[in-house]
Amino acid sequence: MNTEIIQVDPIRPDEGAVSVAVSYLRKGNAVVFPTETVYGLGANALDSDAVKSIFMVKGRPHDNPLLLHVSSLEMAQRCISEDLSCYSRLTDKLWPGPVTLIFHKSAEIPLTATAGLDTVGIRFPAHPVARLMIELAGIPVAAPSANLSGKPSPTEESHVLEDLMDRVPCILLAGKTVFGLESTIIDLTQDPPVLLRPGPISPEQLRETLDDIAITIPDISDEHIPKAPGMKYRHYSPDVDLILIQGDLEQVVKEAKDLAKASRAAILCCEEHKQAFASVAIPVVLGSLERPYEIAMNLFGALRRLSDMNLDIAISESFPEKGIGLAIMNRLSKAASKIIRV
Ligand code: AMP
Ligand code: MG
């Protein structure tokens, strides 16, 4: 398949350029578009065949539900059976933005999109390109991340081209995404609502923003919490074993030394600890501890790089689980083949 690659301005996208992607969406094709979290692979959510093509292009298991992307509250209302205005205290504060809310689906949404569930995740992206594309299309767009299944979500143009070039008819490129991690997911079909996936908007920010709206925040590191559908899949894994070490820096360096000896090893670490690991393994620096959003933005790119470094083993240090750090550690734990606590 020939892929039309269209470069668009991330802040002021050209309507004519984005319309090309829209015409493919209308024809039932899947297209790649940027969002503020990661790049998405989107298709008409109301067309079951179009939705099926997303699963096919990615090689995504059919029991892993998709999120629906909308560009207005009216469009969100069309996708769900609850009265959306009853949730205005939440939607006023969280939308548009990197937060997905789970509702009961409306009859119009095909079960192929929700993997047979009667609930559906709705996301109202803030990214100008995503918003314009969905607005021009006038239909909700079902979209998972635009990577091949099993690979880290794409956060940079090169990731998208690496995975989906010649597999889709159209790719909109607009540079790096903003957060680099998938959306925060809150399930509103449970009372009180439950945080299903940590993301760019942290539990601390949710508590602060929503003050009197209680949200159950399960201990994400607790392996016994019931998993959301699709979360049983180990996403994001690099092609080499990744060992995540948790503990004090001195102990982590010691453990990393043991793991790395006599093999070609790399270690994911922060700027501040680069020196401490320099004699142990090849440092792959994610960013400074003072700028955790930078660490988040660089994580998936770094995981992809590990696969290209011809390594025997990859190691990662841990990051503080506060703010966006909780989402960083959630994704790192999923990518890891083993977690060692020292
Ligand atoms: P992504 O992989 O970023 O496309 O996000 C999709 C993930 O959202 C799925 O793997 C599920 O874990 C979660 N999800 C989607 N729809 C639902 C739903 N109806 N109920 C609960 N979780 C959902
Ligand atoms: Mg994904």
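Whatever order the structure lists ligands and atoms in, that order sets their numbers, starting from 1. All heavy atoms count here, side chains included; hydrogens, waters and symmetry mates do not.
- Nearest heavy atom pair, residue Leu210 against residue Leu90, reads CD1-CD2, 3.5 Å.
- Between Glu156 and Arg304 there is no salt bridge, since no side-chain N of the basic residue sits under 4.0 Å from a carboxylate O of the acidic one.
- Asp248 CG: 12 or fewer foreign heavy atoms inside a 6.0 Å radius.
- Atoms of ligand 1 found under 4.0 Å from any heavy atom of Leu196, numbered from 1 in the order shown, are 21 (C), 22 (N).
- Nearest to atom 16 (N) of ligand 1 by heavy-atom distance, out of Gly40, Pro65, Pro61, Ala142, is Pro65.
- Within ligand 1, the atoms closer than 4.0 Å to a non-hydrogen atom of Pro144 are 4 (O), numbered from 1 in the order shown.
- For ligand 1, the atoms sitting less than 4.0 Å from at least one non-hydrogen atom of Ile102 are 17 (C), 18 (C), 20 (N), 21 (C), 22 (N), 23 (C), numbered in the order shown with element in parentheses.
- Proximity of His104 to ligand 1, defined as any heavy-atom pair under 4.0 Å, is not found for any part of the residue.
- Those atoms of ligand 1 that come under 4.0 Å of a heavy atom in Leu117, given as number and element, are 18 (C), 19 (N).
- Glu294 and Ser288 are not linked by any side-chain donor-acceptor pair at a separation below 3.5 angstrom, with hydrogens and angles left out of the test.
- In summary, of the residues considered (Thr100, Thr35, Thr184), a side-chain hydrogen bond (donor to acceptor under 3.5 Å, both in side chains) with Arg123 occurs for Thr35 alone.
- Distances from ligand 1 to the non-hydrogen atoms of Lys58 include no value under 4.0 Å.
- Judged by the shortest distance from any of its heavy atoms, Arg197 lies inside the 4.0 Å radius around the atoms of ligand 1.
- For the pair Glu182 and ligand 1, the shortest N or O to N or O distance does not fall below 3.5 Å.
- Note on Ser145: counted as a metal contact of the Mg ion (ligand 2), an N/O/S atom lying under 2.8 Å.
- For the pair Thr114 and ligand 1, no heavy-atom separation below 4.0 Å is found.
- Under a cut-off of 6.0 angstrom, the local environment of CD in Glu108 is crowded, with over 12 non-hydrogen atoms contributed by other residues, nucleotides or ligands.
- For the residue pair Glu157 / Gln7, a side-chain donor-acceptor distance below 3.5 Å is found, with atom types taken as modelled.
- The pair Asp163-Lys151 counts as a salt bridge, with a side-chain nitrogen and a carboxylate oxygen less than 4.0 angstrom apart.
- The ligand atoms of ligand 1 that sit less than 4.0 angstrom from a heavy atom of Val120 are 19 (N).
- Counting only N and O atoms by type, the side chains of Glu182 and Ser153 include a donor and acceptor under 3.5 Å apart.
- Of all atoms in ligand 1, numbered sequentially from 1 with element shown, those under 4.0 Å from a heavy atom of Thr119 are 18 (C), 19 (N), 20 (N).
- Scanning Asn64, Val194, Ile185 for the heavy atom closest to atom 9 (C) of ligand 1 points to Asn64.
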